[in-house]
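Chain identifiers are assigned alphabetically (A, B, ...) following the order of the sequence lines, protein sequences preceding nucleic acid strands; residue numbering begins at 1 within each chain.
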Amino acid sequence: MSEDVELSHVNMDFGKFRAVNNVNVTIKAGEFFSFLGPSGCGKTTILRLISGFMDPTGGAVKIGGKDMIGIGPNMRPTALIFQNLALFPLMPVWENIAFGLEVRGVDKATRRAKAEELLKLVDLHDSADKKVSQLSGGQKQRVAIARALAVEPKVMLLDEPLSALDLKLRQHMRAELRAIQKRTGVTFIYITHDQGEALAMSDRVGVMSQGVLQQVGTPMEIYNNPANGFVASFVGENNVFEGTVKSLSNGVATFATSSGNFTSKVGPGVVKGTQAKIYVRPEHSFLQAKASTKTNSIPVDVAEMAFEGNFVNIFVKDAKGATHMVQAQNDPNASPPVRGSKQHMVFDTEDAVVLVDAATASH
Amino acid sequence: MGELFRRYGYGLSITMVGLTAFWLLMLVVIPNLVLFEFSFKPYLPVVDLGGPKDVYSLKNYETFLNSPIHITIFWKTVLYSSLVTLTCLVLSYPLAYFLSKVCRPANAPTIFLLLLIPLWVSEILRSFAWFIILAFQGPLNALLLGLHVIHDPIRWLSGFNGVIIGLIYSYVLFMLFPIYNAISSLDTNQVEAAQDLGSSMWRTHWRVVIPHSKPGIASGCVMVFMLCAGSVIVPSTLASTNSRWFTEIIQQWMFEGLDWNTGAAYAFLLLVLCILFVSIVMRVLNVRLVDIAK
Ligand SMILES: Nc1ncnc2c1ncn2[C@@H]1O[C@H](COP(=O)(O)OP(=O)(O)OP(=O)(O)O)[C@@H](O)[C@H]1O
Ligand SMILES: [Mg+2]
């Protein structure tokens with residue numbers, strides 16, 4: 001039903017420019033895997049390498065253990081859902097869905113039946129004979145999914161398919177995609193620059209920057225144990241302090257910054273003397289009236305507050321003028337700190353981590 | 001119109017509209033109407049003009065229906081114009097696809113320039129050039145003989161061969177450009193989506209690219225067909241003893257027979273019959289006029 005996809009030391013050069021740099025990852029059969037990264041980091045290029053629209057300039061792409069180099073997109077067991085969907089506007093909905101079957105020489109009655117069945121799967125019962133232009137954005141989305149599923153791909157490739165939808169529909173379609181993936185058991189490789197989407201939908205996430213795969217892990221690993229500064233700041237918010245590692249013992253770093261010394265966990269590749277940054281999540285930062293001697297503590301002024309309903313974001317400024325964010329649960333019984341009041345921001349050694357900036361080439 | 005006035009002011013707007021109207025009326029509408037009227041009148045010596053013999057009739061049109069040779073020539077004109085149209089289509093479609101989807105966008109302008117340069121030379125000179133190239137002792141035969149592709153020189157300019165070659169050369173770009181435009185407007189992802197779903201190259205063209213570019217193909221075909229059927233210079237320059245084009249007969253009536261009346265009737269017959277032919281073909285191929293206008 002599904003196959004694994006192995007990218008081993010894949011490079012893709014466009015002239016002098018290396019769009020994909022030594023990417024090395026195995027996506028397991030039946031997994032929902034996301035590539036997450038900012039615009040231009042090489043996500044689409046990776047998808048095109050897997051679907052066969054181009055071959056890597058270095059390394060190998062394997063699907064189900066079989067080397068795919070030189071095999072065209074029409075011969076690979078993959079189906080790609082394009083960023084703009086690329087439905088065929090001159091064919092009715094059902095012919096769109098059945099196109100892959102038509103190609104395989106399936107007779108018309110069977111094609112029609114299969115198309116109707118898939119339309120049911122994606123919750124579009126009466127749209128078989130509609131024109132593509134008569135569908136809404138979300139419905140087009142579903143047709144694109146049905147069209148890709150019709151060829152019973154071993155691997156489904158999705159290039160930011162939800163980016164054109166409004167927020168409500170996007171959230172709905174996330175759940176839908178996830179459900180379809182579970183129901184069909186097909187390997188899904190999903191591309192997005194939306195970290196919320198990647199974390200919510202995926203079994204595992206690969207975070208990319210400038211063609212380099214920075215970290216691969218479950219959403220929780222990525223969020224809780226980012227491998228480097230890029231991953232930490234791309235996935236979620238952080239309070240950041242720059243400085244130098246003064247000493248290391250038992251996995252705890254003493255970190256000297258211009259705002260004082262902090263203690264924290266140590267990320268990969270950090271050694272004594274490293275110029276690096278400390279990252280603390282806003283939900284792990286707290287405000288209190290007195291300075292703490294037991295944990296990390298820094299005097300701040302309360303600058304701004306944003307009430308978000310279930311929680312409140314408090315923006316504070318330290319002596320250097322740098323802004324930090326403290327995220328507190330909404331508590332109707334506690335009064336929030338007053339704007340302009342002097343407070344201390346504290347965070348535990350366990351909740352802070354020293355990280356190097358970003359990998360420039362993966363290993 | 002209001003937009004035009006706002007943008008260019010009254011003086012300039014009226015001049016522009018006026019000149020266009022003048023051009024349409026004086027150089028297109030009125031001459032054609034005059035010829036149309038001519039075509040229903042008999043060819044008379046000057047003294048009889050306005051006399052009792054100068055009445056409207058269908059005589060001139062009957063002349064055509066009563067001359068089987070002219071009817072045959074008409075059908076041959078339609079047949080060979082269709083052949084030229086089809087050949088232009090077969091030549092242009094792959095080139096148009098290549099230019100819009102395959103070659104690097106940076107190279108396209110250069111290729112277009114190379115294609116366009118021959119158009120800067122007048123049609124009559126181009127026809128003569130082909131006349132020289134295709135001559136029995138001309139360079140083409142010399143080349144083919146030199147390369148040992150053929151053993152005896154070929155008489156290229158026999159039958160309709162010369163005319164066909166000349167017409168293809170003259171009008172192939174009128175086929176290329178509309179198709180190029182149509183294919184360029186196709187989202188490349190559509191082609192890739194078809195490929196990704198397992199489609200072969202042929203099927204991708206048949207089901208995705210050609211349906212999309214049908215308006216361009218249709219307008220290219222109509223244009224080339226009408227240009228061919230109405231061409232005078234190429235058929236008369238590259239003619240052989242037995243390749244008569246319908247326009248040559250019109251010319252004969254008008255300038256050799258000085259019978260403008262019958263000539264005009266023949267001209268309108270050509271126009272009407274060609275329009276009819278094109279409409280029927282469009283109906284058969286399920287293309288509508290609005291598609292072409294797009
Ligand atoms: N065919 C190509 N020729 C030259 N450079 C290319 C080509 N395709 C992609 N690139 C370059 O490779 C880099 C990565 O492109 P890619 O489309 O993979 O980015 P992406 O991560 O999908 O971005 P986005 O989120 O904006 O879609 C970009 O800098 C792009 O300019
Ligand atoms: Mg992209």
Side-chain angles (χ1 to χ4, degrees), chain A residues 14-15 44 47-54 71-92 95-106 111 115 118 132 140 143-161 164, chain B residues 93 96-98 100-108 178-221 282-294:
Chain A
F14 296 114
T44 297
L47 224 52
R48 294 176 69 81
L49 288 170
I50 300 173
S51 54
F53 287 109
M54 46 198 184
I71 297 179
N74 52 352
M75 294 301 182
R76 295 195 184 186
T78 58
L80 175 60
I81 295 184
F82 288 79
Q83 205 155 359
N84 65 356
L85 304 182
L87 295 174
F88 305 126
L90 298 176
M91 299 181 200
E95 278 187 32
N96 260 282
I97 296 174
F99 184 77
L101 302 173
E102 183 189 321
V103 164
R104 286 159 178 75
V106 177
R111 290 199 316 254
L118 283 160
V132 171
K140 283 186 191 147
V143 173
I145 295 165
R147 183 177 74 174
L149 286 172
V151 300
E152 296 181 358
K154 303 282 200 293
V155 180
M156 185 89 125
L157 307 165
L158 305 97
D159 192 353
E160 308 206 31
Chain B
Y93 180 84
Y97 185 79
F98 174 82
S100 56
K101 294 289 170 214
V102 183
C103 84
R104 297 219 341 259
N107 294 338
I179 300 181
Y180 170 79
N181 281 336
I183 297 182
S184 296
S185 70
L186 175 70
D187 176 10
T188 308
N189 281 353
Q190 297 258 320
V191 178
E192 293 187 338
Q195 247 180 312
D196 190 60
L197 291 167
S199 178
S200 64
M201 188 187 75
W202 293 111
R203 190 181 292 271
T204 306
H205 280 281
W206 183 244
R207 290 286 275 145
V208 179
V209 187
I210 292 179
H212 176 89
S213 40
K214 208 156 125 187
I217 294 175
S219 63
C221 286
M282 271 167 50
R283 173 63 62 86
V284 171
L285 298 180
N286 197 13
V287 187
R288 286 166 309 154
L289 208 57
V290 280
D291 293 332
I292 296 180
K294 263 191 270 190

Under 4.5 Å to a heavy atom of chain A? For Asp196(B) that would be both
Cut-off 4.5 Å, heavy atoms of chain A, and the answer for Ser200(B) is backbone
| request: Answer whether the closest heavy-atom distance between the side chains of Met91(A) and Pro211(B) falls below 4.5 Å. | output: no
Side chain to side chain, Leu197(B) and Val103(A), heavy atoms closer than 4.5 Å: no
Could you look at [X] and say if it's the side chain, the backbone, both or neither that has a heavy atom under 4.5 Å from chain B?
| X | answer |
| --- | --- |
| Leu87(A) | backbone |
| Glu102(A) | both |
| Arg147(A) | both |

Interatomic distance, CG@Asp187(B) vs CG@Leu85(A), rounded to 0.5 Å, equals 10.5 Å
dist Leu90(A):CG -> Gln190(B):CD (nearest 0.5 Å) comes out at 8.0 Å
In terms of heavy-atom contacts, Phe99(A) and Arg207(B) come closest through CE1-CB, 3.8 Å
>> Within the supplied structure, the quantity of interest is the number of heavy atoms (other residues, nucleotides, ligands) at a distance under 6.0 Å from Met75(A) CE; does it exceed 12?
In response: no
Side chain to side chain donor-acceptor pair (under 3.5 Å) filter on Ser184(B), not counting sequence neighbours, yields none
